[in-house]
Student: 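Before we start, here is the structure in question, set down as structure tokens.
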Amino acid sequence: MTAGGAPILSLRGITKRFTQKVDLAGKIANSLGAKVRETVVQAVSDVDLDIEEGEVVGLVGESGCGKSTLGRIVAGIQPQSAGTMRWRDKDVGAMNGGERKAWQLAVQMIFQDPFASLNPRLRVSEIVGEAPRVHGLIERGVQAKYVAQMLDQVGLDGSYSTRYPHQFSGGQRQRVGIARALAVKPSFIVCDEAVAALDVSIQAQVLNLFMELRQRFGLTYLFISHNLAVVEHLSDRVAIMYLGRLVEIARAEELFARPNHPYTQALLAEVPTLDAARRVYKPIAGELPSPLDPPSGCAFHPRCPHAFARCKIERPALKEVAPGHLGACHLNDG
Amino acid sequence: MSTPTLSVTNLRTHFFTKEGVAKAVDGVDFDVAPGEILGLVGESGSGKTVTGFSILGLIDPPGRIVEGSSIRLNGEELTKAKPDRLRAIRGAEIAMIFQDPMMTLNPVLRVDTQMIETVQAHLKVSRAEALARSRAALVQVGIASPDERLRAYPHQFSGGMRQRVAIAIALLHKPKLIVADEPTTALDVTIQGQILFEAQRLCRDSGTSMIWVTHDLAVVAGLADRIAVMYAGRIVEIGRTADVIERPMHPYTKGLIGSVPSQNTRGHKLAQIPGMTPSLLKLPAGCSFKSRCPIAVEQCNTMPELVEHRPGHWARCWRAIAA
């Protein structure tokens, strides 16, 4: 991590629990002696992460690992159940009204599905222009000009602003989503699987756009994806998540060259590459366990080829294995 | 090469809509040899899925396979087959695996009911015999505790397990050909690895041919024996995997390969193909890729033929060698 200055975003012990309360039928059953308990899913557990200004951090994990939930907490869409989040060295929980509003505008999110994340009944001029107008960034009179300028930034023609979302292709819609996020002049963008729904050639266009915008506006990204190739291409640092916990964090080159955690190693081995040699697949066995009933100790131990007795009992802590490279595995204690 | 399992010649599947004729597949030729895996690669709207559906005779109006097309399975012409015959072939000799296993599986029936039904649809066997076959198929695709799993409902399975069940159902009649349409797109990387592993093993062990339809070149690069790249309803390049990936001839294939992010592209701009796929309703005259092509010339206003530029490596481009 860089020396001078506090990180733009700092997470400490972030935890998110989703609780399903006992419903009426359950309560009746309980009064008759049944033991229906409320179910608790710990989607995110005790995550510590610092993100420096101007950095691109890739967050990788399989479906159900909690990466999207963490992204939503960072974007302020969902509150965390425990832990503190500091934005530019201020505790988000202790912010006053003005500071809070500034934080909320500064952090924007781009969603996976460009078909579901745009209101089908609004014109692009309103989708992109509403937020900056409401927040007083622009006057109503200049909205049309401002929207055209935003569309131009993401490579769309300004005249498209009178169109509805259904009149665009998938890649164009994702650009509208990006323009909407940029319209309130954010400094931090959370991309949740932002290119997963796009064709390869369109994906390349959008990835290039992300990098171009980063250079132009000095944006910081939290880039959430299950696609390691995309993350490797884009990120400065990469965090690997498994069942709600970060199991490894390192600079991208370091992580891909010397993966520490057995889960990261397995993930890297499975990435399909453009290597024409006929591959022999040696997949890791099993699947992501249910977060309703996580395994004891290290959550990866039932699938891990190196697991030993201690892994079932004690959860490994995230420790530095090389400068700036953290891994959570008992093998590191060697 | 031995006689191909499947031989497709001049396949044209058009959709006659109110807005005009959409030529989703327009003159596709390829063979699949026994035990071979052919990767059929293209972006959305390229016609790759319609090609797969045409082979199974699953094209609904307003679409239809146009006169003059030919699909031969072990020499038998399928485009002229009677509906009864097609019904007998589907599921028994050609099977399909879809992208979303929930589309294949009936959510209100137990897995054993569905599998027994599939067995008995083509074979006169007892329920017990059918159940035994179903169990064997589940074991074959690597499902642990198959007896328990047979009595479960589809919603009790995870995504990867569902796809395995769908593959097991496809295997029940030991088909000669499996058409797999993006079967791993919805799955996680580690699960995708497991499914690719099973697919590779099955084709090698049983001599089943497979057409693996996907938008992801990287997936088929390690799996397929040959790759066919489709663009706007036509095959623009076909050849052995190593040839297509390492020495692509068509500018679209080159563009696709350049668009794939990897560690070599870190910090650089990805090569992007400008523009987007043209509408099938108003394809330009001549080569349909010319408006996005960096090396297009005057000649591209006439449609090039698919030509064998190197042994076994065909491309549909006037400038295939020049580029």
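Every heavy atom of this structure was used, including side-chain atoms; hydrogens, water molecules and symmetry mates were not. Letters A, B, ... mirror the listed sequences (proteins, then strands); counts begin at 1.
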Student: When only pairs under 4.5 Å are counted, which of B:Ile257, B:Leu256, B:Val220, B:Val244 shares the most heavy-atom pairs with chain A?
Tutor: B:Ile257
Student: Rounded to the nearest 0.5 Å, what separation is found between the CD atom of B:Gln272 and the CD atom of A:Gln203?
Tutor: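 With rounding to 0.5 Å, CD (B:Gln272) is 12.0 Å from CD (A:Gln203).
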Student: Side-chain contact, heavy-atom cut-off 4.5 Å: A:Val200 with B:Asp216?
Tutor: no
Student: Surrounding CD of A:Gln167 (heavy atoms of other residues, nucleotides or ligands, distance under 6.0 Å), is the total greater than 12?
Tutor: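 Correct, the count exceeds 12.
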Student: Considering the options A:Val230, A:Val195, A:Val231, which one meets the side chain to side chain contact (heavy atoms under 4.5 Å, CB included) requirement together with B:Pro261?
Tutor: A:Val230
Student: Just verifying a value: how many Å separate A:Asn208 CG and B:Ser259 OG, rounded to the nearest 0.5 Å?
Tutor: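 That separation rounds to 9.0 Å.
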Student: Apply salt bridge (Lys or Arg N to Asp or Glu O under 4.0 Å) to B:Arg310 and list each qualifying residue two or more places apart in sequence or on a separate chain.
Tutor: none
Student: Can you tell which part of B:Ile227 gets under 4.5 Å to a heavy atom of chain A, answering side chain, backbone, both or neither?
Tutor: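 Contact with chain A is absent: no heavy atom of B:Ile227 under 4.5 Å.
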